[in-house]
Amino acid sequence: MSRVAYVNGRYLPYARAAVHVEDRGFQFADGVYEVIGVLGGQLVDADGHVDRLERSLKELRIALPMSRGALTAVMAETVRRNRVRDGLIYIQVTRGAAKREFAFPANTRPTVVAIARSLNLVKAAANAEKGVAAITQPDIRWGRCDIKTVGLLAAALAKQAAKEAGAYEAWLVDRDGYVTEGSSSNAWIVTKDNVLVTRALSKAILGGITRSAILELARRLGMKVEERTFTVAEALEAKEAFVTSTTSFVMPIVSLDGKPIGNGGPGILASKLRAAYEAHAATHAAGGADWQAPFIAP
Ligand code: PDD
């Protein structure tokens, strides 16, 4: 079956789906995106993702050229036309196409693109059962990592370094030696006293929708949680480590820079949280979570 992309109001076969050569997303990374999970053909936590997309657009002063309802309908239709049951939808909105000038163009219509694809959940579950490796990399990104922009070069370089080291993810480390987040995930550790630790929301990290879900699920499971910075040394001393994201759910990290974390296998709390998240994702596909996703620093 040939794949179909949504581009500015039309559903087109991939071979004919294109944006302008002077699209500002292409020239300036002047755009934002979301990756939303699809389970059983339904979008997972769609409300939280659309809230975050609207917030990213607002921060960059890009006006979404359609209503929230229309956007959700476009995503659902892109999933349907590509016959995705379990996978993801990628939605990108840029400031649009205009003569290359740094300042914002006047009267340019934003570009909206949506793509859906299937994911191998069986392979993901196998990874989660064994746990995966991570490495550390310096965080060389810009000062507004809270905005989900398509400016992903620093993240791509970090992920490539991880791949070349045979690792699944790169944990980014700020100038003070604290872990910010993964290149495309949020980073968590579990201390010796069974306290879950993840960095607090700020401009230094993306407020993950999965991160919000896990914070809530952890509290409901009676786990202790601290939102604060932690160092690489603290991570190496931790009982467990894991990452969260739309595509990884909860993925146990069993080694960091080649050194084992805890007993070198997936941790108990990470496994419990993954099971809880899977149940949450299955029941909240198509609708919103039954809590407000906090993804903006207070
Ligand atoms: N990445 N931090 C960064 C830098 C990310 O790129 C992502 C998501 C996350 C986790 O956010 P969420 O739980 O909302 O997926 C944290 C997506 C999956 C991507 O770019 O493919």
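When a ligand or atom number is given, it counts from 1 through the structure's own listing order. Excluded from the calculations below are hydrogen atoms, water molecules and symmetry mates; all remaining heavy atoms, backbone and side chain alike, are included.
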Part of I209 within contact of ligand 1 (heavy atoms, under 4.0 Å): both
Proximity winner for atom 16 (C) of ligand 1, if only heavy atoms of G48, G37, S185, G208 are counted: S185
Sub-4.0 Å heavy-atom approach of K159 to ligand 1: no
Atom 17 (C) of ligand 1 - nearest protein heavy atom and its distance: K148 NZ, 3.5 Å
Location of contacts on S183 toward ligand 1, heavy atoms closer than 4.0 Å: backbone
Heavy-atom gap E34 to ligand 1 smaller than 4.0 Å: no
Atom indices of ligand 1, in the order listed, that fall short of 4.0 Å to a heavy atom of N186: 10 (C), 16 (C)
Ligand 1 N/O within reach of T247 N/O, cut-off under 3.5 Å: no
Contact check: T246 vs ligand 1, nitrogen or oxygen atoms, below 3.5 angstrom: yes
Contact check, Y33 vs ligand 1, heavy-atom distance below 4.0 Å: yes
Salt-bridge contact D146-R55 (side-chain N to carboxylate O under 4.0 Å): yes
Donor on one side chain, acceptor on other, N194 and K224, under 3.5 Å: no
Cationic N near anionic O, under 4.0 Å, K148 to E34: no
Carboxylate-amine/guanidinium proximity below 4.0 Å for E227 and R219: yes
Within-cut-off N or O pair, T244 and ligand 1, under 3.5 Å: no
Ligand 1 atoms in contact with V35 (distance to a heavy atom under 4.0 Å): 19 (C), 21 (O)
SB check E22 K99 (cutoff 4.0 Å): no
Any residue meeting salt bridge (charged side-chain N to carboxylate O under 4.0 Å, His left out) with E59, in chain and number order, not counting sequence neighbours: R144
Any side-chain donor near an acceptor of the partner, D139 and T180, under 3.5 Å: yes
Proximity flag A155 to ligand 1, non-hydrogen atoms under 4.0 Å: no
Member of R199, R211, R141, E169 meeting the side chain to side chain contact (heavy atoms under 4.5 Å, CB included) criterion with E181: R141
Protein contact to atom 6 (O) of ligand 1 [nearest heavy atom, distance to 0.1 Å]: S184 CA, 3.4 Å
Atoms of ligand 1 close to R141 [distance to a heavy atom under 4.0 angstrom, numbered from 1]: 4 (C)
Connected hydrophobic set around I261, excluding itself, where side chains approach under 4.5 Å: V132, Y168, W171, V173, V179, I189, V195, V197, F230, V232, L236, V243, M251, I253, L256
Identity and separation of the nearest protein heavy atom to atom 13 (O) of ligand 1: T210 OG1, 2.5 Å
Side chain proximity check, V254 to F242, heavy atoms < 4.5 angstrom: no
Step-by-step side-chain contact (heavy atoms from CB on, under 4.5 Å) determination, I36 to L88: CA-CA 5 Å; I36 305 172; L88 59 83; over 6 Å; no
Shortest protein heavy-atom distance from atom 2 (N) of ligand 1, along with the residue and atom involved: E181 OE1, 2.7 Å
Sub-3.5 Å N/O-N/O distance, H49 and ligand 1: no
